[in-house]
Amino acid sequence: MYCDGKGNAGPAAVVLAAVGVVVFGVSLGERWTLGEMARPKGHLATWLIGGIVLLALAGWLLARLRAAPERRAPLFGLAGIAFGLQWLCLTAHPLGQASLAALVLNPASNSYVQTAREQGASLAMLRDYHRRMPRLMSHAQTQGAGPVLFFGGLHRFFRRCPLTAPVAETAIALDPGLSTKALAVAFGDWWRWPISPDDVSAAYMVALLVMALAASGVVAAGLLGERVGGSHGLVVGAAAYLLIPGLTLYASSLDTVYAALTGWTLLAWVRAVEADHDGGAVHWAQLVGLGLAVGLGVTLGYLIIIAAIAGATLLLWWRAGRRARWLAARSPLLVVPLLGALLAKLALGYDLLAVSRVSDALREHGYNQLWNRPYATFLWRNEWEALVFLGLPLATLAVIAARGALRVDGCRLLSLCLAVLLAATVITGRIRGETSRMWLFAAPVVSTWLAAGLAEPDSPAARRRLLALALLAAAWLLILRGLVNVWAF
């Protein structure tokens with residue numbers, strides 16, 4: 001396959017991406033739901049037609065952004081498109097609008113609201129949280145207290161907000177025959193825990209907020225792309241992030257918010273390592289540290305991002321032969337999250353190390369005893385699942401972009417550190433499956449890689465080939481949702 005970093009991929013790249021659309025289901029066949037989507041209610045048609053309209057509008061906004069990159073309105077418009085794709089992905093479903101509330105309340109897809117109710121969702125529970133973990137359910141059992149406090153706090157806030165019930169009831173009533181009262185009864189019967197109409201309304205609003213936070217990642221990805229690739233990188237970064245299927249298919253999951261948080265944190269990191277003055281570097285490094293501290297507070301998996309950023313910073317310092325003062329000015333990016341963990345231990349009694357140990361033990365027990373996830377099988381399935389939810393068209397573009405991306409020190413070193421750390425989690429067996437969701441926090445690194453490596457096409461033929469792969473990426477997103485239901489309900 002011929003590639004030169006300018007989008008000049010030979011026909012083999014296009015063929016590879018097209019064939020991949022057909023063969024991707026080899027390892028995910030149990031989740032295929034084409035029959036459900038194609039029922040007479042027209043859910044598949046709704047998704048495809050609505051998705052095509054939204055992606056066409058995204059194309060127009062990208063053209064506007066390319067023509068006038070100094071105007072940010074199209075970039076924020078793309079964030080709106082990302083929100084619309086998430087909303088459409090969830091509502092093109094037999095439950096319609098109610099699916100948003102269902103995914104927040106369902107103990108199988110999101111056990112944090114129920115856990116918050118059972119455990120109190122107060123800071124007091126942090127003192128012995130690691131001892132409570134074995135008694136918790138589903139995702140809450142192998143995570144820290146952050147998601148429980150996040151979803152529990154938001155759910156409590158929206159229950160008390162006077163605007164919640166009118167907005168949610170009006171939206172849900174758009175589907176004939178549905179109401180928050182009827183859904184409360186149905187959900188309570190399905191999941192065997194008391195649910196009120198106010199719970200349903202609050203869950204609906206929580207889902208909308210989570211999707212809005214996730215959509216902000218498009219803006220961060222675009223600005224990151226601009227830092228490494230100029231105005232062309234701005235367009236490529238935003239487009240690539242928007243077209244990553246996992247960020248749409250896992251709508252309402254906190255993992256999509258982790259991706260946005262990573263994007264904003266990396267944007268501050270780029271500013272920190274590029275700062276000409278140590279004073280400015282300290283301020284940006286503090287913002288990086290704050291982002292990393294927040295990420296560590298809500299997911300133990302953020303340790304990977306912390307290690308990758310710290311490692312890339314050290315390598316940048318060492319390779320450039322800079323003075324120790326340069327490194328000291330950027331040390332807050334690591335000091336702040338470490339201080340945050342220490343203060344959580346001293347002030348709140350929250351032992352992050354103990355939580356991490358218990359989480360690892362419970363996950364290992366689940367892999368070996370409960371979920372039938374043998375080590376050897378997931379040595380390859382982890383990568384395959386992540387690749388499917390990235391999309392072979394975008395993966396092909398990443399290969400094409402390699403030559404250009406490897407010339408950018410920060411991009412190269414950060415990607416190297418992240419790749420080594422992800423490989424280590426696979427080789428050690430610490431992660432077996434669900435990489436399509438659990439690795440979403442790395443999405444901004446992928447979009448930045450593409451923004452740094454895909455130079456402006458220098459010929460009409462190169463532009464056509466780049467456009468063909470972008471259209472294939474959009475098609476992959478549409479087809480994947482038509483065939484796969486990640487929540488399996």
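Values below: all heavy atoms of this structure, side chains included; hydrogens, waters and symmetry mates excluded.
Looking at every heavy atom in both residues, A98 comes nearest to F187 through O-CZ, 4.1 Å. Nearest approach of C417 to A312, heavy atoms of both residues: SG-N, 3.6 Å. Considering all non-hydrogen atoms of both residues, A260 and S216 come closest at CB-OG, 3.9 Å. Across A470 and L243, no two heavy atoms sit closer than the pair O-CD1, 4.0 Å. Here the closest heavy-atom approach between residue P107 and residue W193 is recorded as CG-NE1, 3.8 Å. Minimum heavy-atom separation, Q141 to P134: NE2-O, 3.0 Å.
Looking at P332 and V288, their side chains never come closer than 4.5 Å, going by heavy atoms from C-beta outward. Side-chain contact between L261 and Y302 is present, with at least one heavy-atom pair separated by less than 4.5 Å. Side-chain contact between L338 and V335 is absent, with no heavy-atom pair separated by less than 4.5 Å. Side-chain contact between M211 and L90 is present, with at least one heavy-atom pair separated by less than 4.5 Å. Residues V355 and M133 form a side-chain contact, since some pair of their non-hydrogen atoms from C-beta on lies under 4.5 Å apart. At least one side-chain heavy atom of L266 sits less than 4.5 Å from a side-chain heavy atom of L414. Annotation: side chain of W264 is in contact with side chain of V219 (closest heavy-atom distance under 4.5 Å). In this structure, T265 and I309 have side chains that are in contact, with non-hydrogen atoms separated by less than 4.5 Å.
Remark: side-chain polar atoms of W449 are not paired, donor with acceptor, to backbone N or O of C411 under 3.5 angstrom. A donor-acceptor pair is defined here as one N or O able to donate and one able to accept, closer than 3.5 Å; such a pair exists between the side chain of W476 and the backbone of V388. At least one donor-acceptor pair under 3.5 Å links the side chain of S359 to the backbone N or O of T142. The backbone N or O of M137 sits less than 3.5 Å from a side-chain atom of S111, completing a donor-acceptor pair. In this structure a side-chain-to-backbone donor-acceptor pair under 3.5 Å is present from T396 to L392. Between the side chain of R127 and the backbone N or O of Y350 there is no donor-acceptor pair closer than 3.5 Å. Formation of a donor-acceptor pair under 3.5 Å by the T435 side chain with backbone atoms of M438 is not found in this model. Of the possible polar contacts, one joining the S201 side chain to the P197 backbone as a donor-acceptor pair under 3.5 Å is found.
Comment: D360 does not engage R357 in a salt bridge, judged by the lack of any side-chain N to carboxylate O separation of less than 4.0 angstrom. Contact check on D199 versus R117 returns a salt bridge, with a Lys/Arg side-chain nitrogen under 4.0 Å from an Asp/Glu carboxylate oxygen. Between E385 and R437 there is no salt bridge, since no side-chain N of the basic residue sits under 4.0 Å from a carboxylate O of the acidic one.
Considering OG1 of T248 and CD of Q86, their distance stands at 6.0 Å, rounded to 0.5 Å. Note that CD of Q143 is 8.5 Å distant from NE2 of H139, once rounded to the nearest 0.5 Å. Here the CH2-CG distance, from W191 to N106, works out to 4.5 Å after rounding to the nearest 0.5 Å. To the nearest 0.5 angstrom, L394 atom CG is 10.0 Å from L472 atom CG. For the atom pair R131 CZ and M125 CE, the distance stands at 15.0 Å (nearest 0.5 Å). Summarising the geometry, atom OG1 belonging to T164 is positioned 8.5 Å from atom CG belonging to D198; distances are rounded to the nearest 0.5 Å.
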| Can you check side chain to side chain contact (heavy atoms under 4.5 Å, CB included) on S415 and V445, steps first, answer last? | CA-CA 7 Å; S415 300; V445 179; 3.7 Å; yes

| field | side chain to side chain contact (heavy atoms under 4.5 Å, CB included) between W47 and T91, intermediate numbers included | value | CA-CA 9 Å; W47 163 249; T91 57; over 6 Å; no

| request: Evaluate the criterion side chain to side chain donor-acceptor pair (under 3.5 Å) for residue pair R432 and N372; output intermediate values, then yes/no. | output: CA-CA 10 Å; R432 303 183 201 174; N372 189 29; over 6 Å; no

| said: Could you walk me through whether N110 and L103 satisfy the side chain to side chain contact (heavy atoms under 4.5 Å, CB included) test, starting with their C-alpha distance in whole Å, then the side-chain angles of each, then the deciding distance to 0.1 Å, before giving a yes or no? | reply: CA-CA 7 Å; N110 183 344; L103 285 172; over 6 Å; no

| Can you list the steps and then say if T299 with L254 is a side chain to side chain contact (heavy atoms under 4.5 Å, CB included)? | CA-CA 9 Å; T299 174; L254 203 52; over 6 Å; no

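A search for side-chain contact (heavy atoms from CB on, under 4.5 Å) contacts involving L379 returns Y375, V426, not counting sequence neighbours. Considering only residues two or more places apart in sequence or on other chains, L296 meets the side-chain contact (heavy atoms from CB on, under 4.5 Å) condition with L303, I306, L352. Judged as a salt bridge (charged side-chain N to carboxylate O under 4.0 Å, His left out), and not counting sequence neighbours, the contacts of D128 are R132. Residues satisfying the salt bridge (charged side-chain N to carboxylate O under 4.0 Å, His left out) test with E383, not counting sequence neighbours, are none. Applying the side-chain contact (heavy atoms from CB on, under 4.5 Å) rule to A203 yields the partners A101, V104, L105, H155; only residues at least two apart in sequence or on another chain are considered. Under the side-chain contact (heavy atoms from CB on, under 4.5 Å) criterion, L422 pairs with I304, L418, W439, F441, sequence neighbours left out.
For the pairing with F151, the ring pair (Phe, Tyr, Trp, His ring centres under 6.0 Å) check across Y112, F158, F157 returns one residue only, Y112. When each of V298, T115, V113, L126 is checked for a side-chain contact (heavy atoms from CB on, under 4.5 Å) with V148, only T115 meets the rule.
Counted by atom type alone, S436 and Y250 present one or more donor-acceptor pairs between their side chains at under 3.5 Å. For the 3.5 Å distance criterion, the side chains of R159 and S196 qualify, holding a donor opposite an acceptor. T313 and W269 are linked by a side-chain donor-acceptor pair at a separation below 3.5 angstrom, with hydrogens and angles left out of the test. Side chains of T377 and R373: no donor on one and acceptor on the other come within 3.5 Å.
Applying the 6.0 Å contact sphere to CD1 of I49 captures no more than 12 heavy atoms from other residues, nucleotides or ligands.
Not less than 6.0 angstrom separates the ring centroid of W87 from the ring centroid of F83.
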